[in-house]
Amino acid sequence: MSSFRLLRAVQRIPSVVTMARRGYAEPSDKIKLSLVLPHETLFSSTDVVQVNIAAATGDMGILANHVPSIEPLRPGVVEVIELTGPKKWFVSGGFATVHPNNKLTINAVEAAPLEDFSPEATRHNLAEALKVTDGNGSEADKLEARLEADVYEALQYALAHN
């Protein structure tokens, strides 16, 4: 069958698959957030207005009716906006999963309130990690220090810009 006839034949078949239509979030719409760590649950199906994440592909905001997706997280800030105001958490990495029906699950390796970090301690720890990357240690030690430095650089940026 030629590709043209195949295309026409396919067009005549009624669609049995219904596609969900994406709407837009209303100010009253909420998203249920679960933010969990291996050792602690920070939010458990809590109604929030918006969540801003540091995704590997770039920063993004998640509102109600967001398209389902899975996003790897880079070290950075997760901002949770509730009716009472925003809360900012620094996460070292993880995954954010947007589920249908206005649910968001964030699984993070580590997270702490951004206000708990000291800019001075962050600068000091970053300098120590960079010394190891430039030193004469093993490649494994240098690689581990580079990962540590990446997290401290992201934390330093977050503290300066939030």
Side-chain angles (χ1 to χ4, degrees), residues 7 10-119 121-123 125-126 129-130 133 140 143-162:
L7 180 61
V10 171
Q11 287 176 337
R12 283 186 243 138
I13 298 172
S15 176
V16 294
V17 178
T18 58
M19 299 297 285
R21 293 189 55 127
R22 185 188 187 288
Y24 293 94
E26 296 294 325
S28 62
D29 289 345
K30 303 288 184 287
I31 188 164
K32 290 200 176 294
L33 171 65
S34 295
L35 175 55
V36 294
L37 310 175
H39 58 279
E40 182 180 6
T41 300
L42 302 175
F43 291 88
S44 178
S45 293
T46 305
D47 284 335
V48 300
V49 177
Q50 180 175 346
V51 179
N52 300 319
I53 62 172
T57 57
D59 294 345
M60 63 186 283
I62 301 168
L63 295 163
N65 301 317
H66 194 283
V67 64
S69 62
I70 298 174
E71 297 290 335
L73 299 177
R74 69 181 195 281
V77 174
V78 170
E79 180 181 26
V80 179
I81 301 173
E82 297 179 282
L83 290 176
T84 58
K87 294 179 183 173
K88 295 181 180 183
W89 299 81
F90 184 83
V91 299
S92 61
F95 287 91
T97 306
V98 181
H99 305 276
N101 302 324
N102 297 326
K103 294 180 182 173
L104 170 63
T105 303
I106 298 176
N107 296 314
V109 178
E110 285 292 335
L114 188 59
E115 66 220 21
D116 289 357
F117 292 98
S118 160
T122 301
R123 273 192 298 277
N125 291 340
L126 174 59
L130 291 174
T133 61
L143 181 59
E144 186 177 325
R146 181 68 256 166
L147 292 172
E148 191 176 324
D150 289 346
V151 172
Y152 282 124
E153 287 170 348
L155 179 56
Q156 190 173 41
Y157 179 84
L159 289 170
H161 294 92
N162 284 297

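Numbering of residues begins at 1 and proceeds along the displayed sequence.
Around atom NZ of K88, more than 12 heavy atoms belonging to other residues, nucleotides or ligands sit under 6.0 Å away. Heavy-atom contacts from other residues, nucleotides or ligands closer than 6.0 Å to CD of E144 number 12 or fewer. Around the CZ atom of F117, the shell of radius 6.0 Å holds more than 12 heavy atoms that belong to other residues, nucleotides or ligands.
The two residues A55 and M60 make their nearest non-hydrogen contact at CB-SD, 4.1 Å. When all heavy atoms of A108 and P38 are compared, the pair lying nearest together is O-CD, 3.2 Å. Closest of all the heavy-atom pairs between A154 and P75 is CB-O, 3.5 Å. Heavy atoms only, all atoms of each residue included: L37 and E110 are closest at CD2-C, 4.0 Å. Heavy-atom minimum distance, A149 versus L126: O-CD1, 3.6 Å. Shown here for G76 and A54, the closest heavy-atom pair between the two residues is CA-CB, 3.9 Å.
Atom OG of residue S118 and atom CG of residue N125 lie 9.0 Å apart, to the nearest 0.5 angstrom. From L130, atom CG reaches atom CZ of R146 across 6.0 Å, with rounding to the nearest 0.5 Å. To the nearest 0.5 angstrom, T97 atom OG1 is 6.5 Å from N107 atom CG. In this structure, the separation between CZ on F90 and CG on D116 is 13.0 Å, given to the nearest 0.5 Å. Note that the CG atom of L114 and the CD atom of E79 stand 10.0 Å from one another [nearest 0.5 Å]. Going from atom NE2 of H99 over to atom OG1 of T105 covers 3.0 Å, rounded to the nearest 0.5 Å.
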Using the side-chain contact (heavy atoms from CB on, under 4.5 Å) rule, take D29 and L63 through it: C-alpha gap first, then chi angles, then the decisive distance, then the call. CA-CA 8 Å; D29 289 345; L63 295 163; over 6 Å; no
request  = Evaluate side-chain contact (heavy atoms from CB on, under 4.5 Å) for T57 paired with E71, printing each intermediate quantity in order.
outcome  = CA-CA 8 Å; T57 57; E71 297 290 335; 3.4 Å; yes
Taking it one step at a time, do E82 and T46 satisfy side-chain contact (heavy atoms from CB on, under 4.5 Å)? CA-CA 9 Å; E82 297 179 282; T46 305; 3.9 Å; yes
Let's go through V51 and I106 carefully: what are the C-alpha distance in whole Å and the side-chain angles of both, what is the deciding distance for side-chain contact (heavy atoms from CB on, under 4.5 Å) to 0.1 Å, and is it a yes or a no? CA-CA 10 Å; V51 179; I106 298 176; 4.0 Å; yes
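Here the side chains of L159 and T122 are in contact, with some heavy-atom distance below 4.5 Å. Counting heavy atoms from C-beta outward, W89 and K87 have side chains that approach closer than 4.5 Å. Side chains of R74 and P72 form no contact here, defined as non-hydrogen atoms less than 4.5 Å apart. V78 has its side chain out of reach of N52: every pair of non-hydrogen atoms, C-beta onward, lies at least 4.5 Å apart. Contact check for L73 versus F95: no side-chain heavy atoms found under the 4.5 Å cut-off. Side-chain contact between D59 and I53 is absent, with no heavy atoms from C-beta onward closer than 4.5 Å.
A salt bridge does not link R123 to E153: none of the charged side-chain nitrogens sits closer than 4.0 Å to a carboxylate oxygen.
Although no hydrogens or angles enter the test, the distance criterion places no donor-acceptor pair under 3.5 Å between the side chain of D47 and the main chain of K30. The backbone N or O of S45 sits less than 3.5 Å from a side-chain atom of S34, completing a donor-acceptor pair. A distance-only check finds no donor-acceptor pair linking the side chain of H66 to the backbone of I62 [under 3.5 Å].
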